[in-house]
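Structure first, commentary second.
Chain A is the first sequence line, chain B the second, and so forth, proteins listed ahead of strands; every chain is numbered from 1.
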Amino acid sequence: MELEDPDWVHKLCAGDEAAFAELVRRYHPQMVAVARGIVGDSIADEVVQEAWISIHRNLSGFQQRSSLKTWVYTIVCNAAKTRLCKEHKHRGQRDNSLEPAGMPAEFFDENGAWREPPSDWHLDTPEQLLEESQLQECIDKTLSLLPEQQRAVFTLREVEQLDLSSVRNKLELSDSNVRVLLHRARLKLMQVINHYQETGTC
Amino acid sequence: MLSCQHITQKASDYIEGKLNFWQRLKFRAHLRACIHCDNFLRQLRLVIGYSSRAGHQCASEAEVQQVLHRIRQAESTSS
Ligand SMILES: [Zn+2]
């Protein structure tokens, strides 16, 4: 779903409340996921609410030099980082391990060659996968269980398709950290989809 | 030659264009020679294409109303 239609953005910035409600509907869950990656679960909701107030207040001055999406995430990430400073809080559990993330070791022999090669998938286009409502439930559940930072990276990169350097800046993570977290999240989802292809269940 | 395990570790870096020229060359040479890793990479791309859409969630009407309500509260106390 893209809300970057210029007419719509124009309405939004002119103070149209229905357009604003649409903006909230579109971004709120993703903003919470991103804020959690910075401040942790307990105050993320509050931070996002503050961000919404500031977005609402500043929309009339939104310069369309950056995309609305980038602007919205810059505000929520700045709100989260400010909050973190104010409370002298350390981030929630950080996943700083740079261990290379790959498939589990038992999939490979001692030379690193596949012992259990990937099985063929009968659903092999995104469209086919999107038709599976039970798979969607499995994905929702998996996402809700991802570590906070992994979820935040996944949300900004995969769902919102921001580029990697922008993800890194917004979350204040290192380049290699972002890449490892992203890869871990992808492999986790891959395993869920693989299991679903084999069994039809989560 | 890179191992299959190594390919699964670096697959996202490859897709994101984060490997240097030589790493890329070695990565591609492996994919040409190894049907399993080629399959793995195809599946990983499918995961990315699918989850970019499946991973998006919309707020419920109740959540939207709560956000709007708090904004009105904040704006009435500050003005
Ligand atoms: Zn291989």
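Top candidate by heavy-atom pairs under 4.5 Å with chain A, chosen from B/I7, B/L2, B/D13, B/I35, is B/D13. The candidate with the highest count of non-hydrogen atom pairs below 4.5 Å against chain B, out of A/L182, A/D124, A/V32, is A/D124. Among the candidates A/F107, A/F20, A/W121, the residue making the largest number of heavy-atom pairs closer than 4.5 Å to chain B is A/W121. Of the residues considered (A/A113, A/A33, A/A21, A/G112), A/G112 shows the highest number of contacts with chain B, using heavy-atom pairs under 4.5 Å. Highest contact tally toward chain A, considering only B/S3, B/S60, B/A11, B/S52, is held by B/S52 [criterion: heavy-atom pairs under 4.5 Å]. Options A/H28, A/E17, A/Q49 differ in how many heavy-atom pairs under 4.5 Å they form with chain B, and the most are formed by A/Q49.
Put simply, CG on A/L189 and OH on B/Y50 are 9.0 Å apart, with the number rounded to the nearest 0.5 Å. Here the CD1 atom belonging to A/I139 is positioned 11.0 Å from the CD atom belonging to B/Q57, to the nearest 0.5 angstrom. Atoms CG and OG, on A/L129 and B/S51 in that order, are 9.5 Å from each other to the nearest 0.5 Å. In this structure, OG1 on B/T8 lies 7.0 Å from CG on A/L187, to the nearest 0.5 angstrom. Atom NE2 of residue A/H183 and atom NZ of residue B/K18 lie 15.0 Å apart, to the nearest 0.5 angstrom. To the nearest 0.5 Å, atom CG of residue A/D120 and atom CD of residue B/Q43 are 7.5 Å apart.
Counting all heavy atoms, side chain and backbone alike, B/C37 lies closest to A/W114 at SG-NE1, 3.2 Å.
Using a 3.5 Å distance cut-off with no hydrogens or angles, the side chains of B/S12 and A/R186 do pair a donor with an acceptor. Of the N and O atoms on the side chains of A/E160 and B/H56, not one donor lies less than 3.5 Å from an acceptor on the other residue.
Under 4.0 Å is where a charged nitrogen must lie from a carboxylate oxygen, and between B/E61 and A/R25 at least one such pair does. One finds a salt bridge joining B/R53 and A/E127 here, because a Lys/Arg side-chain nitrogen approaches an Asp/Glu carboxylate oxygen to under 4.0 Å. Under a 4.0 Å N-O distance rule, the pair B/E75/A/R57 does not qualify as a salt bridge.
Other residues, nucleotides and ligands place more than 12 heavy atoms under 6.0 Å from the NE2 atom of A/H195.
With a threshold of 4.5 angstrom between heavy atoms, B/L68 approaches chain A through side-chain atoms but not through N, CA, C or O. Proximity to chain B is limited to the side chain of A/I193, based on heavy atoms less than 4.5 angstrom apart.
For the pair B/H36 and A/P118, the minimum side-chain heavy-atom distance is below 4.5 Å.
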